Amino acid sequence: MVTNYQLKRVDFIFRNENDYEDVLSKTIARKPQELINELISSELKGRGGAGFPTGLKWKLSSESKADEKYVICNADEGEPGTFKDREILSKVPFKVLTAMAVCGHVIGAKRGFIYLRGEYKYLKPELEKAISEFAYYCKEIKFDFSIHIFMGSGAYICGEETALFESMEGKRGEPRNKPPYPTNSGYMNKPTVINNVETLAHTFTIFKYGAKRFYDLGVQYSRGSKLFSVSGDTPKPGIYELELGMSLADFVDEFGDGDTKAVQVGGASGFLVPRKKFDVTAIGYQGKLTGISLPTGGSMMLFNSSRSMYNVLDNYLEFFREESCGQCTPCRVGCQQLIKGIKAVKRGEKNAKYLDKLLRLTETMQLTAKCGLGQSVANSFSSIVENFREEMIY
Amino acid sequence: MANKIKLSINGYPIEVNEGTTMLEAANEAGIIVPTLCHHKDLCVAGNCRVCVVEVSGQKRLSAACATPCEEGMEILTNSLKVRNSRKHIIELLLSEHNADCTKCYKNGNCELQKLASEYKIMTQDFIELAPLRKYSIDMYSPSIIKDDSKCIRCQRCVRTCAELQGVNALTVAHKGSEMKITTFFEKSMNAVVCTNCGQCVNHCPTGALVEKNYIEEVWEAIADPTKHVVVQTAPAVRVGLGEELGFEVGTRVTGKMVAALKRLGFDSVLDTDFTADLTIMEEGTELLTRLKKVLVDKDKSVQIPMATSCSPGWIKYIEHMYPEYLDNLSTCKSPQQMFGALVKTYYAKARNLDPERIVSVSVMPCTAKKFEANRPEMHDSGYRDVDYVLTTRELAIMIKQAGINFMKLEDANFDRIMGESTGAAVIFGATGGVMEAALRTAYELVTGREVPFENLNITPVRGMDGVREASVVIDHPLKAWAFLDGVELKCAVAHGLVNAKKVMDAIKKGEANYHFIEFMACPGGCLGGGGQPIPTNPEIRQKRAQAIYAEDAGMPIRKSHENPEVIKIYKDYLGEPLGEKSHHLLHTKYIPRNRY
């Protein structure tokens, strides 16, 4: 169960210390194995939402044998309600660039790419300026690593790592079959580390201050801090860096408007938590001791009692129906059935039991869809339908 | 040797090579896992999800076609979890599919229908999505009908068009619920680079892509007492037709096919093989003439290598993709069109028939032949040379409709005239066959001796490698061909347009110095044509090829120039190869086409 855990603000990510040259030089002077161990002992997990251990990812890539490897920064921030990565890239781009270069040093890659969301085109000029300054410094210290920007074109699915590779290779953004995993066969079928913008920024902190500083934050299984994009019915929307492991009740106390009915944790592909479960829900990665623990890429949407959960679900499903790549059956057809299905129930064309059939359908989607998109539609669907069933019907 | 790994499927232990997919392992263990998007000709897609299986200890199911086995895995192909999910997926596909099966051309030969039947999908709980869409059916192509309401988005056609053919006429557009298979700017199939090869039709699991059929038109012609209906049959049909009518793959059914055609009511059952032999005479002479012009006369206006022109899919491909090389194409019409032109002239005269009353039908392993017959140039007889083109599949449908017990038919012989053939003509149906037939004749024409290969089997040009090369050194030629003494005649064979592209690109770069190249649009040549029975896959093509070569080996005459009817037609009617009459009836020209 969640213990009394206070909301703790921290300030690592956006603290600009203007010392990336120093951090880079010192870090790449260390052995790759040492850096991997440091990262593993920090227990940093991917901040994009899936929570894969970052140190392990780097380790697997470093062990892959290939003539060429790549580092990719996933800046295709597309999850509804997430808006933190763009802030990192505009406020502290050098942390990300440094982390990419260190990763290149660790795994043996000479080239890195930032896959920038199409809608973030306005960030490009500034980012390019930072990259060229960074390149100049790399040249000065004779460190062979170059960074390039690849512009996305606006498809949500291209944030899925293998669809992102396809997109970069000039193909349709469709997820690949796994295995093989990117650490063995990613961009151009070469071993690739692909990390979220925020994950990379955290590695900067870890390499600068040591793993312990990071590890000491948060709780078991969910170490460190994390940026949260707070939106919806809140008096103070914005981006906040908080320690992981807080209870949702604490979070709502801080950010709610006094009338919070539910919180969507993790965007459209995340879970909706109703008020009655606020105090038993923690924000962090799944673990044996943490009770109900929800991971998030940082999206926290608050809904007050004026909101119709039916409309919220309808909106999410409409999003998935459009943003599914369309290649696999469960996702392409499943999303259409879900949206048509809840509409039919609402109109009385199907009876309430049809919702159970749809819930079983989401189970199938979770079991069989090719990628995380189709698999995670079940999250919001089941958490909304199960907790707000009457709103779906009446 | 690949490393072996041990695992179990449905509780039974099995040992497989490392890298084996779960689907392959299940098949090795004798367990069938249903598939839709999977095809042995194509790369793995893993997008229909029908083949999902459970791996003990894993939360999610895995697509068996796309997931490699691992040591110690316990795979379940029929657990409750698998069954329920699979059934759901079939239901989903059906909800999106225009499942008006009784009105579908593919009724009875549809992989989705088969799955629905196996899983006894008796109710449709999900909301039907297909009727909510405004689908239009593309019927503008003379060869292929595309009906998106029946499409299950498995992308087999897209992969076929890209991987086997390198044409990319079909592609995926839009995303989510709007995702569809379409063409450049969503134009009609007749307005894009489509070569009409029909490989997409052959690989489509449902009725979304089918040939445009002319069955009713042919029945009407047969029933019309004022018409004389002539049918010609291509070499590859006789090794494929049996598959549709109960025979094992690779069974030769020439005699039964002829008997069936007679029972259908055709007035005369003739053989495209006859004009295949004629093609060899014309094309062989054309090659030798070109070589003389290039090697002796140093005529810069004459192009080598000379490329064959029998495959209408290949012709349309080169017209679109390499229009600057049209002069390299042999001017010979394909055997089908030579036949058509002669039926309404030579045959009409010999049989004392009014050509206007003749309906000329062909049975082809091909859908591009439908387009070819429709080309405006193909009216050299003064009429449309070939009126209707049926695929092997359409013929099988007609035989079934007529209530003919095909398996019990007594063999019959082709009618005369234009029914005589040779082994050289039969092998036109396999990749490398035109080359082999041409070499058998050309070498003998030039040297007066048979080709220096055992039993006339020019094995280097046989087989299924995408591009094959062979060369023959000409020594001691006859006097008239003295200029060829010591010349090494360099030949190449390519099948599947993706391989044709390789050869053409090599020529373009100046890396290939062939004299003569055989191009076939379809993998395996005509025996793997778009109009052949479904399924067609590498093993089936192999068996059909064996049947073709067995047919050749069993023929009394195996060289085109020895075909008595060919000798006769030159004596009585055409004069000589490349003569004036030949030029008028048997040769054609090509049109440069745009890619967009």
Side-chain angles (χ1 to χ4, degrees), chain A residues 153-158 163 171-180 317-345 349-350 353-354 356-358 360-375 378, chain B residues 19 21 36-37 43-54 58-63 65-68 70 81-97 112 125-130 132-133 152-155 158 162 171-181:
Chain A
S153 305
Y156 170 72
I157 190 59
C158 290
K171 303 177 200 146
R172 256 179 82 79
E174 289 184 345
R176 298 174 181 170
N177 292 300
K178 294 185 200 173
L317 291 175
E318 193 56 53
F319 173 78
F320 285 126
R321 182 192 64 72
E322 190 177 323
E323 292 296 343
S324 159
C325 77
Q327 67 164 325
C328 87
T329 312
C331 182
R332 179 187 69 249
V333 194
C335 290
Q336 294 178 69
Q337 287 296 346
L338 293 178
I339 195 160
K340 290 231 154 50
I342 62 162
K343 280 192 163 70
V345 171
E349 292 160 7
K350 295 262 186 196
K353 276 193 182 149
Y354 192 64
D356 300 321
K357 168 118 187 157
L358 295 179
R360 284 195 297 278
L361 172 61
T362 60
E363 274 170 37
T364 296
M365 290 169 71
Q366 195 166 35
L367 290 173
T368 62
K370 190 168 180 175
C371 81
L373 194 161
Q375 290 160 8
Chain B
T21 65
L36 276 175
C37 68
C43 78
V44 166
N47 58 24
C48 76
R49 314 308 281 180
V50 161
C51 70
V52 285
V53 296
E54 184 175 353
Q58 289 183 10
K59 206 173 117 205
R60 296 206 171 90
L61 303 180
S62 301
C65 70
T67 317
E70 282 170 32
K81 199 163 149 188
V82 169
R83 282 191 59 82
N84 287 341
S85 296
R86 201 175 276 160
K87 213 168 161 178
H88 252 153
I89 289 166
I90 299 167
E91 280 182 63
L92 287 176
L93 284 169
L94 287 171
S95 78
E96 198 189 30
H97 178 77
L112 180 61
D125 291 341
F126 288 128
I127 294 162
E128 286 198 36
L129 302 170
L132 305 173
R133 300 279 187 85
I152 58 167
R153 280 88 165 160
C154 66
Q155 302 189 35
V158 175
T171 185
V172 183
H174 307 296
K175 61 183 171 29
S177 57
E178 302 302 313
M179 180 266 208
K180 66 195 263 192
I181 312 304

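Quantities reported herein were computed from a predicted structural model and do not represent experimental measurements. Each chain gets a letter, A, B and so on, in the order the sequences are listed, and its residues count up from 1.
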Does [X] reach the side chain of [Y], with side-chain heavy atoms less than 4.5 Å apart?
X: B:Q155; Y: A:E174; value: yes
X: B:E178; Y: A:R332; value: no
X: B:P68; Y: A:P179; value: yes
X: A:K370; Y: B:R49; value: yes

Can you tell me if B:R60 uses its side chain to pair, donor with acceptor, with the backbone of A:Q366 under 3.5 Å? yes
What are the two closest heavy atoms between [X] and [Y], and how far apart are they?
X: B:L92; Y: A:P330; value: CD1-CA, 3.9 Å
X: A:L367; Y: B:S85; value: CD1-OG, 3.7 Å
X: A:K350; Y: B:D125; value: NZ-O, 3.0 Å

Pick one of side chain, backbone, both or neither for [X], based on which atoms fall under 4.5 Å of a heavy atom in chain B.
X: A:R172; value: side chain
X: A:C335; value: neither
X: A:R176; value: neither
X: A:A369; value: backbone
X: A:Y354; value: side chain
X: A:Q375; value: side chain

So, applying side-chain hydrogen bond (donor to acceptor under 3.5 Å, both in side chains) with B:S95, which one of A:Q337, A:Q336, A:K340 is it?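 Only one of A:Q337, A:Q336, A:K340 forms a side-chain hydrogen bond (donor to acceptor under 3.5 Å, both in side chains) with B:S95, namely A:Q337.
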Result of checking A:T368, A:T329, A:T364 against B:H88 for side-chain hydrogen bond (donor to acceptor under 3.5 Å, both in side chains):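 When side-chain hydrogen bond (donor to acceptor under 3.5 Å, both in side chains) is applied between B:H88 and each of A:T368, A:T329, A:T364, only A:T364 qualifies.
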Do you know which of A:G326, A:P175, A:G341 has the most heavy-atom pairs with chain B at a distance under 4.5 angstrom?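 Winner by heavy-atom pair count: A:G326.
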Using a 4.5 angstrom heavy-atom cutoff, name the option from [options] with the most pairs to chain A.
options: B:A45, B:C37, B:A63; value: B:A45
options: B:V50, B:L93, B:T67, B:V44; value: B:L93
options: B:N84, B:T171, B:I127; value: B:I127

Contacting moiety of [X], where chain A heavy atoms sit under 4.5 Å:
X: B:S177; answer: both
X: B:V172; answer: both
X: B:I152; answer: backbone
X: B:Q58; answer: neither

Looking at NZ of B:K175 and CD of A:E323, how far apart are the two atoms once the value is rounded to the nearest 0.5 Å?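 B:K175 atom NZ to A:E323 atom CD measures 3.5 Å (nearest 0.5 Å).
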Roughly how far apart are B:N47 CG and A:C331 SG, rounded to 0.5 Å? 12.0 Å
Taking the six-membered ring of B:F126 (Phe, Tyr or Trp), confirm whether the NZ or CZ of A:K357 is under 6.0 Å from its centre and within 45° of its axis.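 Yes, a cation-pi geometry holds between A:K357 and B:F126.
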